Protein chains: 2
Amino acid sequence: MLKISIDYNLEDTVYRQIYNQIVEQIASNNIHPGDKIPSSREIAGVLNINFHTVNKAYQLLRENGIIELTKNKRYIISKKNKTGNAIDNFKKKEIDIINEAMVRGLNDDDIIKTVKNILNLKNGAD
Amino acid sequence: MLKISIDYNLEDTVYRQIYNQIVEQIASNNIHPGDKIPSSREIAGVLNINFHTVNKAYQLLRENGIIELTKNKRYIISKKNKTGNAIDNFKKKEIDIINEAMVRGLNDDDIIKTVKNILNLKNGAD
DNA sequence: CACCTGTTATATATATTATATAACAGTTAA
DNA sequence: TTAACTGTTATATAATATATATAACAGGTG
């Protein structure tokens, strides 16, 4: 079951928080390809926010191939398919944050260990 | 010597592009700890933008301990020192983009290889 | 002293974010 | 066939973020 919460103290926008939390729960196998996700109005009602804000997150998820619309006008989680765009997108973001990490004192080993640690946590959380 | 360019087609803000490019050039050993960076008015003049926009990037770099102000009111590149904040910051960002990469079809090996590839390119570019 | 620095302040314009309503076509279930 | 739901589109408004434009100030430098 999908659980989302908004923290207004974070610098991330509301729709970005929704986006990241849905992505996180797919990555954590909490929700799976083919599963329906709640309607934007339903999420908005629970979080007490406007449904257009939820819709913006959904649009972004759709553009990135993470969710898709069925004929019944329901969004479902897409099957994973590794596109060139996904790889390029990952690499671009990685370069920026690895640069920053190195400049702020982390060495190669710190970086590799952190990444492996994150991956191991994911794999252990099935 | 510091080189910065702005691409208005990118979704990144101008001050973020400046921030990332300075970080990149420190990470690439193009500029080094102790080196002075050009004044915000100088950068702004070359890029034909407002110096407050450059200043916003400088403020952010300063808050993250990447540059510091000397008594002479000149910004210099700080010495690298691995703080807890730097590690936490790196980890938080990594989690979000690794989640997205996995959901978009990349597996553990793709992720590790991409990270190692980025680190190797940095180390070879001295 | 003239010139540079970062900083602060104020004002303005534009873009983004978030909310508020309303309406529409299509699906679903009573 | 209704009634209720869906996503989508449209319009309007408010608040915030981004970028520019000026001006002024304290302090260092030559």
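Naming convention: chains lettered A, B, ... in sequence-line order (proteins, then strands); numbering from 1 in each chain. Since the model is a prediction, treat every value here as computed from it, not as a measurement.
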- Item | Heavy-atom pair of closest approach, residues A57(B) and I18(B) | CB-CG2, 3.7 Å

- Note on the structure: T13(B) has its side chain closest, among dT18(D), dT9(D), dT7(C), to dT18(D)

- Quick one: pull up CG in L61(A) and CD in E100(B) and give me the separation to the nearest 0.5 Å. 8.0 Å

- Task: Mind calculating the distance between CZ (F51(A)) and P (dT9(D)) to the nearest angstrom?
- Result: 12 Å

- Just to confirm, is there a sub-4.0 Å distance from OP1 or OP2 of dT5(C) to any side-chain nitrogen or oxygen of Y75(B)? no

- Query: Would you say D35(A)'s side chain and H32(A)'s backbone share a donor-acceptor pair under 3.5 angstrom?
  - Reply: yes

- Query: When all nucleic acid strands are considered with a 4.0 Å heavy-atom cut-off, which category describes E11(A): base, sugar-phosphate, or nothing?
  - Reply: nothing

- Query: According to a strict under-4.0 Å criterion, is Y8(B) in side-chain N/O contact with OP1 or OP2 of dT18(D)?
  - Reply: no

- Rounded to the nearest 0.5 Å, how far does OH of Y58(A) lie from CD1 of I66(A)? 13.0 Å

- Message: Just N and O in the side chain of Q59(A): are any of them under 4.0 Å from OP1 or OP2 of dT8(D)?
- Response: yes

- Hey, which of these two, N55(B) or N50(A), hits DNA chain C nearer its 5' end, going by closest nucleotide? N55(B)

- Please give, in whole Å, the distance from dG6(C) P to E63(B) CD? 16 Å

- Contact pattern, 5' to 3', of nucleotides 24-30 of chain C - B, S or - by protein heavy atom under 4.0 Å: -B-SS--

- Task: Measure the CG-CD distance between N117(B) and E94(A) for me, rounded to the nearest 0.5 Å.
- Result: 11.0 Å

- Work out which heavy atom in S28(B) is nearest to a heavy atom in K122(B); give both atom names and the distance. OG-NZ, 4.1 Å

- Send over the distance from L10(A) CG to dA17(D) P, rounded to a whole Å. 14 Å

- Task: Verify the contact: side-chain N or O of Y58(B) to OP1 or OP2 of dT5(C), cut-off strictly under 4.0 Å; return yes or no.
- Result: no

- Message: Regarding dT9(D), can its base be found pairing with the side chain of H52(A) as donor and acceptor, where the two atoms are less than 3.5 Å apart?
- Response: yes

- Item | No-hydrogen, no-angle side-chain donor-acceptor test under 3.5 Å, N55(B) and Y15(B) | no

- Message: If I take atom OH in residue Y15(B) and atom P in nucleotide dA17(D), what distance separates them, rounded to the nearest angstrom?
- Response: 9 Å

- Message: Between the opening five pairs and the closing five pairs of the helix from dC1(C)-dG30(D) to dA30(C)-dT1(D), how far apart are the helix axes, to 10°?
- Response: 30°

- Query: Using a side-chain heavy atom cutoff under 4.5 Å and only I, L, V, M, F, W and Y, what cluster partners does I97(B) have?
  - Reply: I87(A), F90(A), I95(A), I97(A), I98(A), M102(A), L106(A), I111(A), I112(A), V115(A), I118(A), L119(A), I87(B), F90(B), I95(B), I98(B), M102(B), L106(B), I111(B), I112(B), V115(B), I118(B), L119(B)

- Mind calculating the distance between CD1 (I43(B)) and P (dA19(D)) to the nearest angstrom? 16 Å

- Message: Whole angstroms only, please: what is the CZ-P distance between R74(B) and dC3(C)?
- Response: 17 Å

- Query: Please give, in whole Å, the distance from dT17(C) P to L47(A) CG?
  - Reply: 18 Å

- Starting at atom CG of L60(A), determine the distance to atom C1' of dT17(C), rounded to an integer number of angstrom. 13 Å

- Item | Q17(A) side chain vs D7(A) backbone, donor-acceptor pair below 3.5 Å | yes

- Item | R62(B) side-chain N/O to dT7(C) phosphate OP1/OP2 under 4.0 Å | yes

- Item | Residue closer to the 5' end of DNA chain C, T53(A) versus E42(B) (nearest nucleotide) | E42(B)

- Message: Using a heavy-atom cut-off of 4.0 Å across all strands, would you classify R16(B) as base, sugar-phosphate, or nothing?
- Response: nothing

- Query: Looking just at side-chain N and O atoms, do N120(A) and K116(A) make a donor-acceptor pair shorter than 3.5 Å?
  - Reply: no

